[in-house]
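To keep things clear, I will list the structure first and then write my remarks on it.
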Amino acid sequence: MTSQVTLAFIWLFCSRVVQAYPGGAPDLACVSMFPSGHMTTAQLSEPPYRISVSKKTYNPGETIKVEIVGLEESFTGLYVQPRQVGCHLNATRIVGVFTASSPDLQTRHCFGVVHSTVTHTSKDKQNRASFYWTAPVTPSGHVVIRATLVKDFQHFWTEVESAPIIDLHNKDMPACVSHEHKDGFNFDHNAGNVSFQAKKSKIQMINSGFQNIASICFFLAFLQMSLVLVRKITVYI
């Protein structure tokens, strides 16, 4: 009886997880920004999208336009947060808030910060999405706009980032960040950036957990289909 209850609970949970979240990513994605409902791993190729910002510097309280453009592919989903650039990062550190006026976008609350995340409202294809980021009223360090962008159920890219938006009250970059790499700055893994690596490892562990749950869900779905097939064959016999 206990095993049946456990399987029923897992199946109920899976039935919710396996949705592709056409109305936007769930709050569960706040830390990892990983779309667990897609049941696959992120693409490792260069993302066919670009995140641009209207300014590369900011003052406290300033509002800056953010635009996501499909260079080669359209996108059906997005999950965007403003993250602090630095060596000793807190995975729950959100900097500033978003404003989205498009009916295709909505803001979500993460880590107790209102309007700190932007996600989609439908699974319609888009080639461009724009919204606004407003900086905190106090200097808060350099910021990147980080996104997970979804092409379709099987293809998505995580950790797509804009060029850094530089805090004019603190122009010095952390020692773990190297200058003039592509459109901005790149984390230098040879500069003792241990805490950043640790944070990424935690996210990878979370993603691995989601993938294990996905495997269980697929197994249960296969088991259920097999039982249905056996019953039909038994009836015919």
Side-chain angles (χ1 to χ4, degrees), residues 20-38 40-58 62-85 91 93-111 113-136 142-166 181-187 203 207:
Y21 305 116
D27 294 336
L28 184 65
C30 280
V31 177
S32 68
M33 301 184 69
F34 187 88
S36 60
H38 291 255
T40 187
T41 57
Q43 298 297 300
L44 300 179
S45 59
E46 189 74 15
Y49 310 109
R50 181 184 68 240
I51 304 176
S52 61
V53 290
S54 59
K55 287 189 63 180
K56 292 187 178 180
T57 60
Y58 79 90
E62 187 171 3
T63 297
I64 292 175
K65 184 178 181 179
V66 179
E67 191 168 47
I68 299 177
V69 179
L71 301 177
E72 303 170 4
E73 302 283 356
S74 59
F75 51 89
T76 59
L78 54 82
Y79 196 79
V80 189
Q81 290 181 350
R83 293 290 187 98
Q84 189 177 45
V85 175
R93 178 76 165 105
I94 294 290
V95 182
V97 297
F98 287 125
T99 303
S101 58
S102 168
D104 296 322
L105 302 174
Q106 62 182 325
T107 58
R108 290 281 183 87
H109 308 342
C110 273
F111 316 121
V113 181
V114 297
H115 309 308
S116 56
T117 301
V118 167
T119 187
H120 53 284
T121 58
S122 73
K123 58 181 180 180
D124 294 339
K125 291 184 178 180
Q126 299 182 64
N127 292 310
R128 186 182 300 268
S130 59
F131 44 92
Y132 293 88
W133 172 74
T134 300
H142 313 310
V143 178
V144 292
I145 306 301
R146 178 179 297 173
T148 293
L149 296 166
V150 177
K151 174 187 172 185
D152 53 40
F153 192 80
Q154 296 293 331
H155 303 90
F156 60 89
W157 286 259
T158 59
E159 298 189 12
V160 182
E161 294 185 345
S162 70
I165 308 172
I166 306 302
H181 179 76
K182 294 184 178 180
D183 294 328
F185 301 91
N186 182 45
F187 282 98
I203 290 177
N207 292 347

Verify whether one side chain among Thr148 and Thr158 offers a donor that lies under 3.5 Å from an acceptor in the other.
no
Starting from the C-alpha separation in whole Å, work towards a yes-or-no answer on side-chain contact (heavy atoms from CB on, under 4.5 Å) for Phe153 and Thr76.
CA-CA 9 Å; Phe153 192 80; Thr76 59; over 6 Å; no
Side chain to side chain, Ile51 and Glu161, heavy atoms closer than 4.5 Å:
no
Ser162 versus Trp133: any side-chain heavy-atom pair under 4.5 Å?
no
In the structure I gave you, are the side-chain heavy atoms of Lys151 and Gln43 within less than 4.5 Å of one another anywhere?
no
Between the main-chain N or O of Cys30 and the side-chain N or O of Gln81, is there a donor-acceptor pair closer than 3.5 Å?
yes
Taking all heavy atoms of Val113 and all of Val97, pick out the closest pair and write down the distance.
CG1-CG1, 4.3 Å
I'd like to check Ile145 versus Phe98 (side-chain heavy atoms, cut-off strictly below 4.5 Å). Are they in contact?
yes
Closest approach of Ser116 and Cys110, non-hydrogen atoms and distance?
OG-N, 3.0 Å
Locate the shortest heavy-atom distance separating Tyr58 from Ala135; write the atom from each residue and the value.
CD1-CB, 3.4 Å
Closest heavy-atom pair, Pro82 versus Gly96, reported as atoms and distance to 0.1 Å, is CG-O, 4.0 Å
Side chain Thr99, main chain Tyr132, donor-acceptor under 3.5 Å:
no
Less than 4.5 Å apart, any side-chain heavy atom of Arg146 and any of Val160?
no
Between Thr107 and Thr117 (side chain of the first, backbone of the second, donor and acceptor by atom type, cut-off under 3.5 Å), is there such a pair?
no
For the OG1 atom of Thr119 and the CD atom of Gln106, what is their distance to the nearest 0.5 Å?
6.0 Å
Please give me the minimum heavy-atom distance between Lys55 and Ile64, naming the atom from each residue.
N-CG2, 3.8 Å
Would you find more than 12 non-hydrogen atoms of other residues, nucleotides or ligands less than 6.0 Å from Lys125 atom NZ?
no
Nearest heavy-atom pair of Phe34 and Thr40: which atoms, and what distance?
CZ-O, 3.3 Å
Checking Tyr49 side chain against Asn127 main chain: does a donor-acceptor pair fall under 3.5 Å?
no
Test side-chain contact (heavy atoms from CB on, under 4.5 Å) applied to Val53 and Val144, Val143, Ile165, the passing residue:
Ile165
What is the distance from atom CD1 of Ile68 to atom CD of Gln126, rounded to the nearest 0.5 Å?
9.0 Å
Do Thr121 and Pro103 touch side chain to side chain, with heavy atoms closer than 4.5 Å?
no
Atom OG1 of Thr41 and atom CD of Gln154: how far apart are they, to the nearest 0.5 Å?
9.5 Å
Where the side chain of Trp157 meets the backbone of Ser45, is there a donor-acceptor pair that is under 3.5 Å apart?
yes
Hey, is CG on Leu71 packed in by over 12 heavy atoms from elsewhere, all under 6.0 Å?
yes
Please round to the nearest 0.5 Å and tell me the distance separating atom CG of Leu78 and atom CE of Met33.
9.5 Å
Taking atom CG of Leu149 and atom CD of Glu73, what is their separation to the nearest 0.5 Å?
12.0 Å
Answer yes or no: is there a donor N or O on one side and an acceptor on the other, between the side chain of His120 and the main chain of Leu105, under 3.5 Å?
no
Do Val150 and Tyr79 make a side-chain contact, defined as non-hydrogen atoms from C-beta onward lying under 4.5 Å apart?
no
Any heavy-atom pair between the side chains of His109 and His115 that's under 4.5 Å?
yes
